[in-house]
Amino acid sequence: MSIELQNIHFSYGRVKALKGISLSIDKGATGLLGPNGAGKSTLLKIMLGFLTPDQGDGQVLGYNLRTEQQFIRRQIGYMPEDECFIPGMDAVSFTALMGELSGMPRQEAMKRAHEVLFYVGLGESRYRLTDTYSSGMKQRLKLAQALVHDPKLLFLDEPTSYLDPTGRQEILELIGEIASAKDIRVLICSHILADIEAICQQVVIINRGEVAAVGRIEDLRMVNYELYELKIKGELELLRKELEAAGCRVEENEERVVKVYTPPEFDHRQIFKAAARNRIQVRQFVRSQTSLEDLFARVVGVD
Ligand SMILES: Nc1ncnc2c1ncn2[C@@H]1O[C@H](COP(=O)(O)OP(=O)(O)OP(=O)(O)O)[C@@H](O)[C@H]1O
Ligand SMILES: [Mg+2]
């Protein structure tokens, strides 16, 4: 197990940022998805040992996050949300320094710095001052410095921030490649569902400091379920009762669109039959796609 957290609480003064997070993450690429202020970055900082939880405990790569922070940090690559460069330093010296700070001997750190900069596509610009880098280049450099010491686990905080669509696509491909080609586990924080869907096999959705949903992306998407959207005239509750008894899930949004998720092998004509039995008129009926977007909206309470 690469990450195990038990009931983590953390407050910044009066702001309760994390309210009892328990998690267990094994291999592959995992997305930590949540709206702004959900507590994603705080959780990463706790796992890195930069912040100490008020309550709760956990292990990262088998090390205790309260007492063995230095071992954890040696094996984790961290791409922070904000800029982390040192003014007046060129990219290769900066990357090598980050390697040294993670415990690499100087020469080896320098050698690796060149390698990772080529790997992220900054080979040509590696002697330039980081101050002169564009936003896209800065994101790549942040990724390079996270990879320099060959970490077992990579924490990426909002890796697609500040990027245009092409830049975003490129960095997602790079991360996807790292996650699948190398023997490295990746945890990506984002508030952008599409980024997580592009790279991760599993997702943890957090909202207001709590875990709202967790699972494999396919499962959460309910691949086996069909979604029908209908507008009706009549008593929804009667229809809901019948359909739920038949294994469906029924929801209504603010625009009064009724969403019916039907289990595999459910014949959608049963929806009409159930409606007719309850004297409900079906005014609109469309087959739609179940999406993670729906789930995300539902668990974070927006629609
Ligand atoms: N240094 C700090 N001092 C006080 N409050 C903080 C501090 N850092 C974060 N917070 C608060 O803690 C909560 C969680 O913040 P956090 O940065 O972990 O969220 P996040 O999910 O990473 O959000 P974002 O998507 O905006 O990066 C928010 O309410 C935030 O305002
Ligand atoms: Mg954040």
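Note that ligands are numbered from 1 as they come in the structure, with each ligand's atoms numbered from 1 the same way.
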Which residue and non-hydrogen atom of the protein lie closest to [atom], and at what distance in Å?
{"atom": "atom 28 (C) of ligand 1", "result": "Gly37 O, 3.7 Å"}
{"atom": "atom 29 (O) of ligand 1", "result": "Val15 CG1, 3.8 Å"}
{"atom": "atom 25 (O) of ligand 1", "result": "Lys40 NZ, 2.7 Å"}
{"atom": "atom 17 (O) of ligand 1", "result": "Ser41 CB, 3.9 Å"}
{"atom": "atom 4 (C) of ligand 1", "result": "Tyr12 CB, 3.3 Å"}

Residue Glu81 vicinity, atoms of ligand 1 by number, heavy atom under 4.0 Å:
24 (P), 27 (O)
Considering only heavy atoms of Ala38, which atoms of ligand 1 have at least one such atom less than 4.0 Å away?
19 (O), 20 (P), 21 (O)
May I ask whether Gly34 places a heavy atom under 4.0 Å from ligand 1?
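Not so, Gly34 does not reach ligand 1.
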Glu158 near ligand 1, heavy-atom distance under 4.0 Å?
yes
Please indicate whether [X] has more than 12 foreign heavy atoms, meaning atoms of other residues, nucleotides or ligands, lying under 6.0 Å from its [atom1].
{"X": "Lys19", "atom1": "NZ", "result": "yes"}
{"X": "Arg66", "atom1": "CZ", "result": "yes"}
{"X": "Gln107", "atom1": "CD", "result": "no"}

Does an N or O from [X], backbone or side chain, lie closer than 3.5 Å to an N or O of ligand 1?
{"X": "Asn36", "result": "yes"}
{"X": "Ala17", "result": "no"}
{"X": "Gly39", "result": "yes"}

Using a 4.0 Å heavy-atom cut-off, say whether Thr42 meets ligand 1 through its side chain, its backbone, both or neither.
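For Thr42, backbone and side-chain atoms both sit under 4.0 Å from ligand 1.
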Test item: Met79 and Phe155 side chains (from C-beta on) under 4.5 Å apart, heavy atoms
no
I'd like to check atom 9 (C) of ligand 1 in this structure: does the protein have a heavy atom lying under 4.0 Å from it?
yes
Is the closest side-chain donor-acceptor distance between Thr42 and Tyr12 under 3.5 Å?
yes
Given the Mg ion (ligand 2) as the apex, I'd like the angle to OE2 of Glu81 and OG of Ser41, rounded to 10 degrees.
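The two atoms subtend 110° at the Mg ion (ligand 2).
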Between [X] and [Y], does any side-chain N to carboxylate O distance fall below 4.0 Å?
{"X": "Glu235", "Y": "Arg279", "result": "no"}
{"X": "Glu100", "Y": "Arg106", "result": "yes"}
{"X": "Arg112", "Y": "Glu108", "result": "no"}
{"X": "Arg249", "Y": "Glu244", "result": "no"}
{"X": "Lys241", "Y": "Glu237", "result": "no"}

